[in-house]
Structure formats: structure tokens, C-alpha cells
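Below is one structure, written out as C-alpha cells; comments come after it.
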Amino acid sequence: MSRNRMAGYKKPQDTGKTLRILIHYLGFHRFTVIVVAVLVILSSLASVFGTYLLKPIVNDYIMVQDIAGLIQMLGFLGVIYGVGALSTLGYNQLMVGVAQKVIARIRKDLFEHTQSLPMSFFDGMTHGELMSYFTNDVDTIADALNNSFTLLVQSLTVTVGTLVMIVVLSWQLSLVVFASLFLMLVYVRYNSKKSRENFRRQQKAMASLNGYIEEIMTGQKVSRVFNHEVQDFDAFTQYSDALRSSATKAQTYAGRLVPVIVSISYMNYSLSATIGGLFAISGLMSVGSLTAYLVYVRQSAMPLNQFSQQMNFILIALAGAERIFNLMEMESEVDEGQVTLSKTGDESWTWTVDQQSTPMAGKVVFDQVSFGYEPKRMILKNISLFAKPGQKVALVGSTGAGKTTIINLISRFYEISKGSIFFDGIDLRQMEKSSLRSSLGMVNQDTHLFSGTIADNIRYGRLEATDDDVVAAAKLANADSFIRRLPQGYQTLLNNDGANLSQGQRQLLSIARTAIADPPVLILDEATSSVDTRTEKLIEKGMDKLMQGRTVFVIAHRLSTVRNADAILVLEHGEIIERGNHDELLELKGRYYQLYYGLSELS
Amino acid sequence: MEVIKHMKSYRRFGVLAVVCVAAETMFELVIPIIMADIIDVGVAQHNSAVIIRQGILMVGCALLSLVLGVMYSKFSATFANGTGYSLREAIFKKIQSFSFSNIDHFSSSSLITRLTSDVTIIANSISTGLRPLVRAPVMLLSALTLSFVINAQLAIVFLIAAPLLGLILFMIISRVRPLYRIMQDTIDKVNLTIQENLIAIRVVKAFVRQDYEIGKFDVVNTEFESNSERAFRLATLNMPAMQFIMYATIIAILWFGGNLIFVGSMKVGELTGFLSYVLQVLNALMMISNVFMLLSRALTSQQRIQEVLDESNDMDLSEINPDLELQDGSIVFDHVSFKYSKSAQENVLSDISFALDSGDTVGIIGTTGSSKSTLAQLILRLYDASQGSVIVSGHDVKEYSLEHLRDAIAIVLQKNTLFSGTISENLRWGDQFASDQELIDACKIANAHDFIMSKKDGYNAKVEQGGNNFSGGQKQRLCIARALLKKPRILIFDDSTSALDRATEANIWKQMQATLPQTTKIIIAQKISSVMDADQIIIMDNGRIDSVGNHESLLKFSEIYQEIFQSQQEGVL
């Protein structure tokens with residue numbers, strides 16, 4: 001977001017490989033890139049050669065008053081310059097096309113790859129971090145391709161051309177130029193090391209300031225009701241001041257680069273002129289060549305300066321590219337399943353194993369399953385459970401007991417460490433993931449909606465659903481009445497994750513979205529916890545209809561919603577401590593009993 | 001512009017930076033003049049002393065420009081970041097003065113970006129844009145002046161070339177700017193699609209919608225590609241335009257200069273000197289156009305910041321009597337209606353009237369979306385009533401200073417927020433001078449003491465951002481303790497015991513009734529069990545008061561209450 005581009009600057013680890021991949025992308029436009037390079041060189045040579053022609057024009061035509069010759073030479077110069085300027089026009093226009101296409105392609109590949117990554121990848125990263133691949137890192141490549149690539153070739157051509165001229169004109173004197181070149185190089189290295197350190201500090205200060213701002217802005221109501229403004233302002237000022245001083249320092253260092261390089265080039269020019277003058281006196285060099293030589297020395301400063309700056313951008317871009325390519329190399333979700341599941345006709349789902357079809361029932365079995373998100377910390381220990389087709393199984397327990405984990409495993413968002421899970425007697429690992437997941441309907445506590453109309457959002461469950469299907473699903477989830485009251489009904493646009501709807505309404509939409517998919521197995525993870533009990537009653541009817549004839553897993557905060565489950569499993573610390581139906585568990589007078597009568601706290 | 005006003009305190013650094021760059025630029029012009037003597041005098045007269053003297057002079061100039069350059073970078077960095085600092089300060093202060101309808105108007109996430117990235121963009125454009133902004137005009141003017149001194153007739157070529165290039169660059173920039181805006185809008189769309197996808201990745205995977213998402217992404221990505229291609233195609237025209245003009249100028253100077261030499265009104269040396277200014281004049285124009293490109297982005301940020309600073313507070317503070325303080329905890333709502341914005345069609349609260357005496361306990365219950373929380377927030381004047389008046393301790397809330405009002409009223413918000421720091425730091429939000437014993441007392445009432453003591457560091461245990469290292473119930477108890485420390489006249493619980501078990505909740509109530517008898521207590525809840533012991537229960541439905549009574553009478557008369565009661569008969573936690 002607010003990240004300064006220099007901040008992403010990490011020293012690339014494997015520059016060669018990153019470059020190869022970048023070149024691979026450029027390779028899709030091989031022909032254009034070659035044309036661009038040729039045009040860049042042509043344009044640079046036109047500029048160098050044009051400068052070279054100035055001397056003969058002045059000396060051989062103007063001085064001797066040869067008007068005809070002058071016109072001819074100016075015509076020639078015009079042609080050369082014309083070619084130069086047209087080449088510039090050409091390569092700029094061509095490169096824009098290439099750069100935008102390459103960037104779009106990289107962005108697309110990156111997006112496609114993230115879609116295939118396993119859940120564990122997303123757990124380890126904040127949305128902000130993930131987004132920065134698409135924003136900061138892609139931007140650095142975009143900047144480099146938009147400008148640096150051509151400027152680099154151009155300044156390189158001009159620099160090499162100029163240096164050749166310098167050496168040809170006087171190799172002795174060129175030693176001064178090379179010495180100052182070396183000096184510049186040393187300084188660039190020193191300066192970029194220093195600024196990198198300082199930019200890192202600046203980024204740290206910026207991160208703390210941003211963190212504080214985010215915290216205090218989202219907690220603004222609390223701050224106001226506690227009259228905490230003055231203290232907040234003081235704390236804010238401290239963070240802000242820390243950023244001010246570290247940023248000042250970092251930019252002081254970075255800002256020195258250009259003036260120092262310019263001064264070194266002045267120094268170079270001064271020494272070249274002085275020593276050259278002495279050479280001229282002692283007859284080592286003609287006055288004419290000295291004048292020409294000095295023009296080239298003066299000219300060499302600009303492309304050099306440009307070269308060092310562009311090199312910096314390229315390095316930053318390579319660091320960004322490396323992060324992107326590393327992400328693209330991360331392993332996708334494993335899916336070796338052969339067994340597929342499909343919905344045939346109207347109602348029935350069928351398994352297909354080796355081209356043999358069997359109707360699906362919806363039986364789920366956990367056989368001694370152990371699992372941990374980190375290998376060392378097991379969240380589930382030896383869990384065995386059994387859900388018969390059409391049964392409603394409830395999972396109860398405090399936060400962190402492992403309820404959601406069980407559900408994550410059924411959807412195979414994670415791979416289990418020990419034991420097996422069977423779906424209609426088939427090991428989950430033998431099933432095609434997409435088949436498995438489309439047979440499971442999930443409603444989570446955190447509802448996530450997408451920008452688009454309400455109808456689009458419901459249709460997300462089954463893309464080919466008709467408008468009538470959408471309305472029917474909404475009716476089933478009891479969402480139809482509130483949707484109709486919205487100004488544009490089903491065509492109402494949602495934005496910002498459905499921020500214009502209440503939490504309860506969003507929940508109803510997500511239930512409708514699942515209903516339209518008509519899955520044989522239903523998973524409700526705190527699906528109604530954010531609606532009040534009265535509204536919940538209204539939803540319940542719809543839910544009951546939805547649950548009919550399906551195997552259902554339900555996690556609920558309110559025990560009243562799980563009361564009618566066929567089996568209730570009470571989880572604690574990753575183990576099932578009680579199981580049975582409502583009446584059996586109450587009779588047991590154990591943990592469930594305590595929870596049910598409000599004798600102990602859940603969360 | 002407000003931004004310029006905020007540069008003030010650091011202005012002297014800005015001035016110094018400008019002086020340094022201007023002086024440094026002069027050397028670029030002076031050095032070739034010194035050099036001329038090496039060839040024209042030193043070499044021509046075979047005088048090595050002159051050569052060495054001029055050489056030393058030049059090196060001296062180079063060193064001086066080095067010093068100036070280093071000083072410049074220090075000054076400009078100080079200026080840029082100082083300006084950023086004081087802008088941030090002004091925005092933060094302004095936000096603190098906002099009413100919540102102001103904040104809702106911007107949304108807090110957009111305020112955060114304005115306070116962070118927009119300020120950074122401005123500071124960065126100052127620190128990178130200042131140098132070319134000063135150098136370009138200096139170089140342009142000095143080169144033009146010098147060329148006029150050499151030969152005024154020939155200098156007319158510049159008077160044609162420079163405005164022509166200026167015009168072309170201006171046309172490019174003015175056409176590119178709207179294209180950039182379109183480009184910016186489409187990149188926002190691309191980022192929105194990515195962001196939504198990443199946030200909802202579980203939904204995407206559960207519905208096996210990866211291909212659908214990729215399709216959606218392709219549409220916006222392609223749109224962005226073609227938009228940015230269009231913008232950049234136009235923007236990159238500036239390079240060839242500059243070259244065409246520069247080359248044409250060189251040829252024109254050679255032609256007209258040659259002719260002037262033919263008729264004897266110009267010397268050859270002067271022509272050579274003249275040529276060296278071509279690059280300088282046109283390069284300066286290029287620099288100016290680049291600075292404008294850079295500034296146009298900063299200008300967008302500047303506008304966004306300006307919007308915040310210009311926003312007028314829609315809370316009318318004119319009726320405040322600074323000396324007035326709350327004497328008791330009585331509350332009267334007199335035909336209060338409320339809507340979040342003036343343009344909103346429907347009222348969120350309609351015609352609310354009720355009266356509470358000091359020390360009363362009142363429960364408010366109703367469906368989600370019945371605006372119970374909004375009602376409570378009117379008492380603290382987080383929002384102003386659109387119609388009617390809210391009266392506490394005998395005066396309209398508008399008559400108290402916000403500080404006095406909010407000091408006397410404590411609210412435990414539905415969205416509990418704890419801040420990173422320690423437990424005791426968080427508790428002291430309620431009273432920054434509270435003694436350790438007072439903290440412990442409040443925590444005992446809130447049933448938080450035991451779990452705090454079970455932590456290794458007790459009251460000094462770390463709280464992570466948002467209090468994420470505590471369970472929902474623990475957070476609620478800490479927030480209750482924090483509110484109790486204010487020793488308020490009015491205490492509002494906005495659905496803030498939902499994660500507590502009934503025994504704990506009952507215990508907290510019992511102790512509170514005993515220790516805070518004079519405090520008016522308002523309990524907003526979804527659970528009947530939380531409000532059933534209150535003196536009065538108000539039932540809200542769709543922003544209106546449906547009925548008022550105590551538990552027994554409501555059970556008899558209120559249909560809604562009966563329904564809620566039945567839905568919660570047992571097993572509601």
C-alpha cells in the first residue's frame with residue numbers, strides 16, 4: 001500500500017534464475033523485443049553520430065562558407081536525426097505494448113497460481129501481505145519494463161559509444177575518465193548499501209505508525225467514550241516523529257547519490273581539461289581533438305548517471321520478480337483422486353469409480369484421525385466419528401477445541417497426519433477434490449460476499465441456475481422477503497463485502513447460496529450465531545427444509561440449535577469427551593449438561 | 001492550499017534546499033566558462049600556469065557543488081518529511097474532532113489511507129520533485145539569457161522551439177491525466193477482485209469456483225492492460241517529441257548560424273557555444289514536464305487530504321456550557337428520531353420517548369437491526385439526534401462539553417476493542433490515575449481478577465492488537481472492568497455479556513448493584529436472562545419502541561417478548 005518502492009528492496013537471491021524467467025516472459029514477444037533493441041541502438045547511434053558530425057559541419061563547411069555543401073550536410077544530418085527520432089518513437093510505442101502485455105500475463109499467472117495453492121499457504125499470511133505481491137511487486141516489474149529496460153539499453157549504447165571515442169581520441173587521458181568511473185561505482189555501492197539500511201529502518205517506523213493508526217482508527221469509538229484523545233495524540237505523535245526522523249535520514253542518504261555523482265563528473269571534467277591542456281601544450285594532443293574529447297567527457301556524465309539509476313530500479317524489480325516467481329513455484333494442492341462425483345438428472349448424485357457408477361449416500365467416517373496445522377502441535381487427537389446418511393451431527397466445544405478443524409478436514413482443505421476419512425466408504429484421498437467439494441455445502445460464520453448483484457451472489461452456488469432457482473433458494477433461506485424490500489430487489493448491487501447489509505442478512509444470503517448448490521452434505525459452521533434468536537427461528541424453518549435428506553454437520557454456539565441433532569459430539573482439547581443425543585448427554589450430567597444450563601462458559 | 005500551510009514550520013529547510021540546488025545548478029553553468037580559458041588562454045598562449053590555475057578553480061567549484069548537493073539532500077529530506085509529519089498531525093487532530101457521522105462519511109479505512117499512503121506520496125514527491133523543479137527553470141533561464149547575450153538574433157530559434165515543445169508537452173500531459181485516472185480506476189477494480197478473492201478463498205475453494213474467479217479476473221486484468229497501454233502510449237510520446245524538436249533546433253541553428261557567420265555577424269566560437277545550450281534548454285523543459293507528471297499524482301493525494309481537512313464537523317458545539325457537569329444519572333428521551341445521514345430516507349430510530357431515574361436499571365431487547373446500539377450511542381453523543389432531544393441529568397446532551405459528558409458515562413461497546421499493551425494499561429483507559437488496588441477491585445467485580453492472576457505476568461500480561469490473545473468471554477470481562485473504573489453516573493452495556501455463562505453474568509450484576517447503586521444501568525442484550533431482572537425492559541422493533549414493562553408484565557402482554565422468551569427457553573448461552 002503505502003510502501004515506498006525502495007522498501008521492497010531486498011538483495012535478489014538468485015538473480016540469474018529470476019532473469020531467466022523474466023526473459024522467458026519477454027520471449028513471448030521475442031520479435032518485438034528484438035525490434036525494440038535494434039531501434040534503441042539505432043536511436044542512440046543517431047544521437048552519437050549526429051554530435052560527431054557537428055565538428056566537420058562547422059570546420060569544413062561553415063568556416064569555408066560552402067553554402068551548397070552546408071545545405072547538403074544539413075540534409076544528411078536531418079536524415080540521421082530523423083531516423084533517430086523515428087526510432088525513438090517506434091521503440092517507445094512498441095515497448096509500451098510489450099510491457100503491458102507481459103505485466104498482464106505475469107499478473108494473470110500469479111493469480112491463477114494462487115487459486116491452486118493449499119489453505120495452509122493462506123493461513124500463514126495476512127491479506128495485506130498477499131496483496132502486496134499483486135501491487136508492490138508487480139508494480140516494480142511494471143516500472144522497470146515501462147522505463148528502465150529501454151533506458152538501460154540506450155544509456156549503455158551511448159556510454160559504450162562515448163567511451164570508445166574517448167579511448168580512440170587519447171588513451172592516456174582516458175585513464176582519468178576510468179578512474180572517476182571507478183570512483184562513481186564505489187560510491188554507488190556504498191551509498192546503496194547505506195540507503196538500504198536506512199530505508200529498512202524507515203519501513204519499520206512506517207509499519208509501526210501504520211499499525212498504530214489502524215488500531216486507533218478502528219477503535220475510535222472506544223477512544224472517544226473514554227476521553228482518550230489526548231493520550232492517543234501523544235502516542236501518535238511519537239510514532240509519527242520516529243517516522244519523520246528515520247525517513248529524513250534515509251532520504252538524506254538516497255538524495256546524495258545524484259549530486260555526488262554529478263560532482264565526480266565535474267571533477268572528471270576539470271581534471272581532463274587541465275591535464276588535457278597540459279598535454280596540448282607539450283604537443284601530445286591537438287587542440288581540435290582536445291575540444292572534441294572534452295565534449296565527449298561532458299556527454300558521458302548523463303548516460304552514466306542514468307545507467308546507475310536504472311540499474312537500481314532493475315535490481316528493485318528483480319527483487320520483486322523473485323518474490324513473485326518464488327510464489328509461483330510453491331506447490332499447488334495435491335489432487336491425485338480418480339473417483340468423481342456428479343449430479344445426474346434432477347436429484348441423484350452418483351460416484352464414478354473406474355467408469356462404474358453407484359448412487360451416493362452421504363456417509364462420513366473418521367477413523368482415528370490425528371491432525372495439526374503445525375506438525376508439532378496436534379489439534380485433533382485420534383478422532384473417530386461416524387455420520388450415517390441423512391444424519392445431523394453436531395459438534396460442540398469451546399474455541400480451539402477443534403470443531404472447525406474437523407470440518408476443514410472433511411473438505412480436505414488440509415491433509416491429515418494420521419488415520420483416514422471415508423466418504424461413502426471411499427478414502428478422501430482417492431476422490432477428486434473438485435468433486436468432493438462440490439458435494440459439500442458450507443455456511444460459515446464469516447460470510448463473504450462478492451461485488452455484484454444479490455442474484456449473482458446467490459448464483460455463485462450454481463452458476464447455471466435460472467432466476468427462478470435463485471428466488472426459490474432465497475425463499476428457502478428466508479431471504480426473499482428482505483431482498484424484495486431492497487430498492488433494486490435481486491438486482492441490488494453489493495459492494496465492500498456486502499457492507500450495506502446487516503450481518504444477519506448476509507448470513508441469509510450465504511445460506512441461499514449454499515441452498516442453490518443443492519449439495520448432499522451440508523456443513524453449518526456457526527451459521528446462525530450472528531442473528532438474534534427470533535430471526536434465527538425464522539431461518540430455522542428454511543434450514544430444516546434445507547437439511548432434509550442430507551447429512552449435516554453443525555457447529556453452534558447456541559446449544560438450542562443443536563438440540564435436535566441425531567448425535568452430539570462434545571470436543572475438548574482435540575478429543576471427543578462426550579457423545580450421544582441431547583437427552584443422553586443431559587442424563588450424563590457431564591460437560592454438555594453444564595454448558596446447556598449455563599453453568600460454564602463456552603468461548 | 002492547506003498542504004502549503006502545513007509546510008510552514010519546515011519552510012526554512014525548504015528555502016535552504018532551494019537555495020542549495022539553485023547554487024549547485026549555477027556551477028554547472030560556471031564550470032564550462034572557466035574551462036574556456038584553459039583552451040582559449042592557457043593552451044593558446046602555452047601558459048601552463050593559467051591551465052593549472054583554472055584547473056584548481058574548477059576542482060574547487062566541483063567540491064563546492066558537492067558540499068551544496070549533500071546539504072541539499074539533508075534540507076530537502078527534512079523539509080519533505082517534516083511537511084509529512086505536520087500534515088499527519090493536522091489530519092489526526094481533525095479526525096479526533098470528527099463526529100461519527102463524519103467518520104462514517106469517509107469510512108475509517110479510507111481515513112487510514114489518507115493518513116498513511118496519501119501523506120507518504122506527498123512527502124516523497126516533495127523529496128524527489130524539488131530538485132528538478134528548481135533546476136529546470138534555473139537552467140532554462142540561464143541558458144536562454146546566455147544565448148541571448150551571445151547572439152540575440154539566433155536566440156529567436158529558442159523562442160520558437162521552447163514554446164512549441166512546451167505546448168506539445170502540455171497537450172500530452174493534459175490528455176494523459178484523464179487516461180491515468182481511468183487507469184487508476186481499473187487497477188482499483190483489479191485489486192478489488194484479487195482482494196475479495198483472497199479474503200473469501202475458503203468460499204472459492206468450497207464451491208470449486210477457481211475457474212470462475214480466474215475468468216472474472218481475466219476480464220478486469222485485460223481491461224486494465226488496454227487502459228494502461230492507451231495511457232502509456234500517449235505519455236511516452238514526450239521522448240520522441242523532445243527529440244524531433246531538439247534535432248530540428250540544432251539544424252536550424254547550424255543553418256541560421258552558418259548564414260550569420262557568412263555575413264560576418266557571428267563568430268564560429270559563438271556558434272559552438274550556442275549549440276551546447278540546445279540540450280540544456282530543451283532538457284529543462286523535459287524535466288518540467290516530468291515534474292508535472294509526478295505532481296499530478298501528488299495532487300490527487302493532496303485533494304484527498306484536503307477533503308478531510310475541509311470537512312465541517314456536523315456536530316453543533318455552539319450550545320456547550322463548559323462549566324456544566326452531570327449531577328446525577330437520570331436520562332430522558334423526548335421524541336427522539338435519528339437517521340445516519342440527512343439524505344437517508346428512513347429513520348433508524350423513530351419517535352423514541354422514555355425516562356429513567358438515577359440508579360434505575362433498564363434492559364433493552366429486540367431483534368438484530370432494531371437500532372438498540374444506536375439508541376445507546378446517542379446518550380454519549382457519538383451521534384446527534386435528528387429530531388427531539390436527549391436529556392441527561394436535567395440538561396440536553398448538547399449543553400455539556402463532550403469531555404464532561406463522556407467522563408460521566410461509561411459504555412461497554414458491542415465491538416469490544418482492547419489495544420496492544422498490557423492488561424493494566426488497557427484498564428487504565430478507564431482512569432489513568434487508578435491505583436493498583438482500584439484495578440483489582442474493578443476486575444473482581446467484572447469477574448476478571450482470577451483469570452488475570454492465572455496469567456504468568458498477571459496485570460502486566462501482554463495484550464495483542466484487538467485483544468486477540470484472549471477469549472471472547474475474557475475480553476468482555478476486561479472491557480467491563482475498564483468501564484467500571486470510570487466510576488460513571490451512567491453505565492451502558494451494549495450486548496457485552498454475550499460470551500459469558502449465566503452464572504458469571506449473574507454474579508457481575510449482583511456485585512454491580514451493590515457497589516454502584518446510584519449509577520443508572522442500561523443493558524442491551526439478546527438474551528432474556530440478561531435483562532429479566534431489570535426495573536424496566538424496553539422492547540425495540542424496527543427502530544421503534546414496541547412496548548415497555550417488567551419481565552412479568554411483558555410476558556403477559558408483549559407478543560415479541562413472548563416469542564423471544566420461547567426461543568430461548570433453554571440452552572442459550
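In what follows, every heavy atom counts, from backbone to side chain, and hydrogens, waters and symmetry copies are set aside. Reminder, nothing fancy here: chain letters follow the sequence lines and each chain counts from 1.
Between the side chains of B/Asn124 and A/Gln251, at least one donor N or O sits under 3.5 Å from an acceptor N or O. For the residue pair B/Thr78/A/Thr248, the side-chain donor-acceptor check at 3.5 Å is not satisfied.
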Audit row: A/Asn408, B/Arg202, side-chain contact (heavy atoms from CB on, under 4.5 Å) steps and yes/no
CA-CA 10 Å; A/Asn408 281 338; B/Arg202 201 172 276 268; 2.4 Å; yes
Just do the side-chain contact (heavy atoms from CB on, under 4.5 Å) check on A/Phe233 and B/Glu89 with the steps written out, would you?
CA-CA 8 Å; A/Phe233 186 72; B/Glu89 193 175 22; 3.4 Å; yes
Given A/Lys101 and B/Glu229, is the side-chain contact (heavy atoms from CB on, under 4.5 Å) satisfied, shown in steps?
CA-CA 9 Å; A/Lys101 285 189 184 75; B/Glu229 205 174 309; 3.7 Å; yes
For B/Asn221 and A/Phe111, what are the C-alpha separation, side-chain angles and deciding distance, and is it a side-chain contact (heavy atoms from CB on, under 4.5 Å)?
CA-CA 10 Å; B/Asn221 194 31; A/Phe111 185 80; over 6 Å; no
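Of the listed residues A/Gly50, A/Gly219, A/Ser87, A/Gly84, the one with more heavy-atom pairs under 4.5 angstrom with chain B than any other is A/Gly219. Chain B forms more heavy-atom pairs under 4.5 Å with one residue of A/Asn146, A/Leu54, A/Ile275 than with any other, namely A/Asn146. Among A/Ala247, A/Ala280, A/Ser282, A/Ser223, the residue making the largest number of heavy-atom pairs under 4.5 Å with chain B is A/Ala247. Comparing A/Gly82, A/Gly255, A/Ser434, A/Ser510 by heavy-atom pairs within less than 4.5 Å of chain B, the highest count is held by A/Ser434. Of the residues considered (A/Ile264, A/Leu86, A/Ile67, A/Asn59), A/Ile67 shows the highest number of contacts with chain B, using heavy-atom pairs under 4.5 Å. Of the listed residues A/Asp241, A/Val96, A/Val260, A/Leu117, the one with more heavy-atom pairs under 4.5 angstrom with chain B than any other is A/Val96.
Ring planes of B/Tyr212 and A/Tyr460: perpendicular class, angle over 60° (limits at 30 and 60°).
Contact of A/Ala273 with chain B is made through backbone and side chain together, with heavy-atom distances under 4.5 Å. Only the side chain of A/Phe413 has a heavy atom closer than 4.5 Å to any heavy atom of chain B. Heavy atoms of A/Leu463 lying under 4.5 Å from chain B belong to its backbone as well as its side chain. Of the atoms belonging to A/Leu278, heavy atoms from both backbone and side chain fall under 4.5 Å from chain B. Proximity to chain B (any heavy atom under 4.5 Å) is restricted, for A/Leu294, to the side chain, taken from C-beta onward.
Residues B/Ile201 and A/Met119 form a side-chain contact, since some pair of their non-hydrogen atoms from C-beta on lies under 4.5 Å apart. Side-chain atoms of B/Tyr247 and A/Ser47, non-hydrogen and from C-beta on, do get closer than 4.5 Å to each other. B/Phe92 has its side chain out of reach of A/Glu229: every pair of non-hydrogen atoms, C-beta onward, lies at least 4.5 Å apart. Within the 4.5 Å cutoff, the side chain of B/Val203 has no heavy atoms near those of the A/Met442 side chain. B/Gln54 is not listed as a side-chain neighbour of A/Thr274, based on a closest heavy-atom distance of 4.5 Å or more. Under the 4.5 Å side-chain criterion, counting only non-hydrogen atoms from C-beta, A/Gln231 is not in contact with B/Trp429. No side-chain heavy atom of A/Leu449 sits under 4.5 Å from any side-chain heavy atom of B/Glu196. Looking at B/Arg88 and A/Thr237, their side chains never come closer than 4.5 Å, going by heavy atoms from C-beta outward.
No more than 12 heavy atoms of other residues, nucleotides or ligands sit less than 6.0 Å from atom NZ of A/Lys249. Taking a 6.0 Å sphere around NZ of B/Lys74, one finds it holds 12 or fewer heavy atoms contributed by other residues, nucleotides or ligands.
A cation-pi contact, defined as under 6.0 Å to the ring centre and within 45° of the axis, is absent between A/Lys108 and B/Phe217. With a 6.0 Å cutoff to the six-membered ring centre and a 45° limit on the axis angle, B/Lys216 counts as a cation-pi contact of A/Phe450.
With hydrogens and angles ignored, the 3.5 Å screen pairs no side-chain donor or acceptor of A/Arg244 with any backbone N or O of B/Gly82.
Note on B/Glu225 versus A/Arg105: no salt bridge recorded, every NZ/NE/NH1/NH2 to OD/OE distance being 4.0 Å or above.
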